[in-house]
Structure formats: C-alpha cells, structure tokens
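Read the structure below first, then the notes.
Hydrogens, waters and symmetry mates play no part in the numbers below; they use all other heavy atoms, side chains included. In this chain, numbering begins with 1 at the start of the sequence shown.
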Amino acid sequence: MIEVDGEGVGSMSYIRIPYGPNRRSLAWRIGITVLPKHRRRGIGAKAHRLLAEQLLTQSDVHRVEADTDPENPPERRALVNAGFVQEGGLKGAQWRNGAWHDRVLFALTRDALG
C-alpha cells in the first residue's frame, strides 16, 4: 500500500525474476499503481525509488526492474526521476484489452545507489 498523510493512494508489488541458475542472478521486478486523483504529484517516482532501495538493501539482489507501456509518458518520467535507466523494449509482452502490447524495460542496479 502507498500512503500519503495516512490516506491510501496506490499499491506496490514485486516478484523475483531469474536470470541464471544461481541466487546471485535473481532480480526484482516491481509494479506500482497510483490512483488517478493522486497522480502527477511525484508519488510514483518516490514510491518506485523507496521500494527499489528497500529491495536492494534488504537482499543480495543486484538489480530492480520495472516495465511500462511505451504510450505511458508519465510512468516513464516517474521511473527516470526515480533513478531507473531505460534499457530496451519487450515486444508483445503484455496481453491487454484483447491484443498484445509492447513494454519498455527500466532498471536500477545496486551500484547506482552510490
């Protein structure tokens, strides 16, 4: 749950993504939703950053990822403002509204925290 001044304004989730056969090759994939009336206030960027920092500092994982729709500029800006770097595209990765949609992949690695 994302809260601002005690009010629920959104939600967060995360899952592990394997990139190899060992534990050191795991990454976290995060997702954040901010309720429409609370958007465009920097809440998404702050939530992305806080969740990424928590996952990186409380586990030995080196990488946190997030993806979004290429046609979602506010979410893309929120990820960049949170310190994520755009890495590339995921062709036809999401089934939504009766069709396949592309995604754009972003990542923040442990060494980017400083």
Side-chain angles (χ1 to χ4, degrees):
M1 174 71 73
I2 302 170
E3 289 187 8
V4 175
D5 298 327
E7 179 183 3
V9 300
S11 63
M12 300 185 286
S13 63
Y14 55 93
I15 60 171
R16 287 187 180 207
I17 304 292
Y19 282 105
N22 57 57
R23 185 169 171 75
R24 300 285 306 192
S25 298
L26 292 171
W28 291 108
R29 174 77 59 93
I30 66 174
I32 291 180
T33 301
V34 176
L35 297 174
K37 73 177 192 173
H38 298 285
R39 293 179 184 163
R40 300 197 182 272
R41 296 182 5 209
I43 295 168
K46 182 148 182 127
H48 279 106
R49 183 65 184 214
L50 289 173
L51 181 56
E53 287 177 354
Q54 181 178 354
L55 292 170
L56 289 170
T57 59
Q58 294 184 2
S59 72
D60 61 353
V61 169
H62 179 71
R63 171 186 177 84
V64 175
E65 304 175 348
D67 66 274
T68 189
D69 193 291
E71 304 301 320
N72 188 348
E75 174 67 1
R76 294 173 77 167
R77 278 192 303 276
L79 286 164
V80 169
N81 289 340
F84 284 73
V85 175
Q86 182 175 328
E87 294 186 329
L90 304 167
K91 187 76 176 156
Q94 184 183 62
W95 178 259
R96 184 179 75 243
N97 299 328
W100 290 105
H101 294 266
D102 296 344
R103 305 294 286 171
V104 180
L105 183 64
F106 291 78
L108 178 69
T109 57
R110 181 180 301 279
D111 51 349
L113 292 181

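- Checked by atom type and distance alone, the side chain of Arg29 never pairs as donor or acceptor with a backbone atom of Ile15 at under 3.5 Å.
- Here the side chains of Asp60 and Arg24 are in contact, with some heavy-atom distance below 4.5 Å.
- For the residue pair Glu65 / Tyr19, a side-chain donor-acceptor distance below 3.5 Å is found, with atom types taken as modelled.
- To the nearest 0.5 Å, atom NE2 of residue His48 and atom CD1 of residue Ile2 are 8.0 Å apart.
- Under the 4.5 Å side-chain heavy-atom criterion for ILVMFWY residues, no single connected hydrophobic cluster contains both Leu105 and Leu56.
- Across every non-hydrogen atom of Leu51 and Tyr14, the tightest pair is CD1-CD2, 4.1 Å.
- Other residues, nucleotides and ligands contribute at most 12 non-hydrogen atoms within 6.0 Å of the CD atom of Glu71.
- Taking 4.5 Å as the limit, every side-chain heavy atom of Lys46 sits out of range of all side-chain heavy atoms of Arg41.
- For the atom pair OG1 of Thr109 and NE2 of His62, the computed distance is 4.5 Å after rounding to the nearest 0.5 Å.
- Using a distance-only test at 3.5 Å, with no hydrogens or angles considered, a donor-acceptor pair links the side chain of Ser59 to the main chain of Leu55.
- No more than 12 heavy-atom neighbours from other residues, nucleotides or ligands sit within 6.0 angstrom of CZ on Arg40.
- In this structure, OG1 in Thr68 is found 10.0 Å from CD in Gln86, a value given to the nearest 0.5 Å.
- When atom types are taken as modelled, the side chain of Arg103 and the backbone of Asp67 share a donor-acceptor pair closer than 3.5 angstrom.
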(request) With side chain to side chain contact (heavy atoms under 4.5 Å, CB included) as the test, would you mind laying out the steps for Arg39 and Glu75 before giving the verdict? (result) CA-CA 10 Å; Arg39 293 179 184 163; Glu75 174 67 1; over 6 Å; no
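- Counting all heavy atoms, side chain and backbone alike, His38 lies closest to Ile43 at O-CD1, 3.4 Å.
- With contacts defined as side-chain heavy-atom distances shorter than 4.5 Å, the pair Leu50/Gln54 does not qualify.
- No chain of hydrophobic side-chain contacts below 4.5 Å, direct or via other Ile, Leu, Val, Met, Phe, Trp or Tyr residues, connects Val85 to Leu113.
- Here the shortest heavy-atom pairing between Ala78 and Gly44 reads CB-C, 4.3 Å.
- Inter-residue side-chain proximity for Asp69 and Arg96 is flagged as met; some heavy-atom pair is nearer than 4.5 Å.
- Across every non-hydrogen atom of Pro70 and Arg76, the tightest pair is O-NH1, 3.0 Å.
- Side-chain contact between Arg63 and Trp28 is absent, with no heavy atoms from C-beta onward closer than 4.5 Å.
- His101 contributes atom NE2, which lies 14.5 Å from atom CG of Leu90 (distance to the nearest 0.5 angstrom).
- When all heavy atoms of Leu79 and Ala66 are compared, the closest pair comes out as CD2-CB, 3.6 Å.
- Of all non-hydrogen atoms in Ala52 and Leu108, the two that sit nearest each other are CB-CD2, 3.7 Å.
- Residues Val64 and Ile30 meet the side-chain proximity criterion, which asks for heavy atoms closer than 4.5 Å.
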